[in-house]
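Notes to accompany the following structure.
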Amino acid sequence: MFCDQQVPMEWAFKGPATIAQRMGTDDLDAHEIAAQDPEAFAALLSEKPAVHRYPGSMAKRIQQLCQYLVEHYDGDAEGVWRDVDSGTELLKRLQELPGFGKQKAQIFLALLGKQLGVTPNGWREAAGAYGEAAAYRSVADITGPESLAKVRAHKQEMKAAAKAAKGGGSGK
């Protein structure tokens with residue numbers, strides 16, 4: 001979820017597997033990533049094909065996230081959502097993660113609820129529009145090619161509406 005910015009979703013969500021493969025492991029370990037030499041880790045993400053459009057800055061941000069997970073959850077990402085009492089509490093925890101603003105946190109909360117069964121009381125409300133049951137707004141709603149196409153269509157509609165609002169229809 002962290003890499004899902006400024007790149008296609010498929011590229012973003014393939015990133016962790018690519019990093020694990022390049023590190024010679026089947027699973028990522030926050031402790032190990034946090035302890036990596038920053039230049040070596042950036043080089044690992046920069047190998048062709050690069051893990052992200054901006055591999056150097058993304059490497060730094062991934063390490064910051066892993067350092068946070070080590071400091072606050074002993075490196076266990078599931079600790080972020082384990083034993084939360086409410087959607088509001090989970091949203092707060094997600095927003096505390098480095099690199100997660102409100103929108104990304106709401107999308108992640110919706111992904112946890114819709115795809116992984118993490119459903120504390122009030123999770124849909126805390127996720128905002130991304131938590132709606134019949135929505136096709138984000139990666140949280142993608143379960144196959146048909147839903148992917150619906151999410152992409154929704155995003156194109158939102159971009160067109162934003163462009164129209166910004167341009168004011170002046171034709172420039």
Next on the checklist: Using the rule given for side-chain hydrogen bond (donor to acceptor under 3.5 Å, both in side chains), can you reason through E78 versus Y73, listing the C-alpha separation, both sets of side-chain angles and the distance that settles it, and then say yes or no?
Outcome noted: CA-CA 8 Å; E78 288 184 30; Y73 298 99; over 6 Å; no
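Using a 4.5 Å heavy-atom threshold, the side chains of F41 and I62 count as touching. Side-chain contact between Q36 and L44 is absent, with no heavy atoms from C-beta onward closer than 4.5 Å. Inter-residue side-chain proximity for M23 and D29 is flagged as unmet; no heavy-atom pair is nearer than 4.5 Å. By the 4.5 Å heavy-atom criterion applied to side chains, L111 and Y130 are not counted as neighbours. The side-chain heavy atoms of L69 and L97, taken from C-beta on, include a pair separated by under 4.5 Å. Side-chain contact check for K92 versus E96: some heavy-atom pair is nearer than 4.5 Å. For the pair H31 and D74, the minimum side-chain heavy-atom distance is below 4.5 Å.
Note: L90 CG to Q95 CD = 10.0 Å, rounded to the nearest 0.5 Å. Expressed to the nearest 0.5 Å, how far CD of Q63 lies from CG of L65 amounts to 11.0 Å. In this structure, K60 NZ and L45 CG are separated by 14.5 Å, a value rounded to the nearest 0.5 Å. Separation of atoms CG (L109) and OG1 (T119) is listed at 10.0 Å; rounding is to 0.5 Å. Annotation: the span from R137 atom CZ to E157 atom CD amounts to 10.5 Å, rounded to 0.5 Å. A distance of 12.5 Å separates NZ in K150 from CD1 in I142, rounded to the nearest 0.5 Å.
For the pair K114 (side chain) and E132 (backbone), a donor-acceptor distance under 3.5 Å is present. Proximity of a side-chain donor or acceptor of R82 to a complementary backbone N or O of D76 within less than 3.5 Å is not detected. Distance alone, capped at 3.5 Å, is enough to place a donor-acceptor pair between the R93 side chain and the G79 backbone.
Across every non-hydrogen atom of Y136 and S147, the tightest pair is CE2-CB, 3.8 Å. Heavy atoms only, all atoms of each residue included: A129 and A135 are closest at O-CB, 4.0 Å. Nearest approach of L91 to A105, heavy atoms of both residues: CD1-CB, 3.7 Å. Annotation for S46 and G56: closest pair OG-N, 4.4 Å, computed over non-hydrogen atoms. For the residue pair C66 and A30, the shortest heavy atom distance occurs at CB-O, 3.5 Å. The shortest non-hydrogen separation linking Q115 to D141 is NE2-C, 4.2 Å.
Transitive grouping of hydrophobic side chains (ILVMFWY, heavy atoms separated by less than 4.5 Å) keeps M158 and I107 in distinct clusters.
Other residues, nucleotides and ligands place no more than 12 heavy atoms under 6.0 Å from the CG atom of D26.
Note on ring orientation: taking the six-membered ring where Trp is involved, the planes of F108 and W81 are perpendicular (angle over 60°, cut-offs 30° and 60°).
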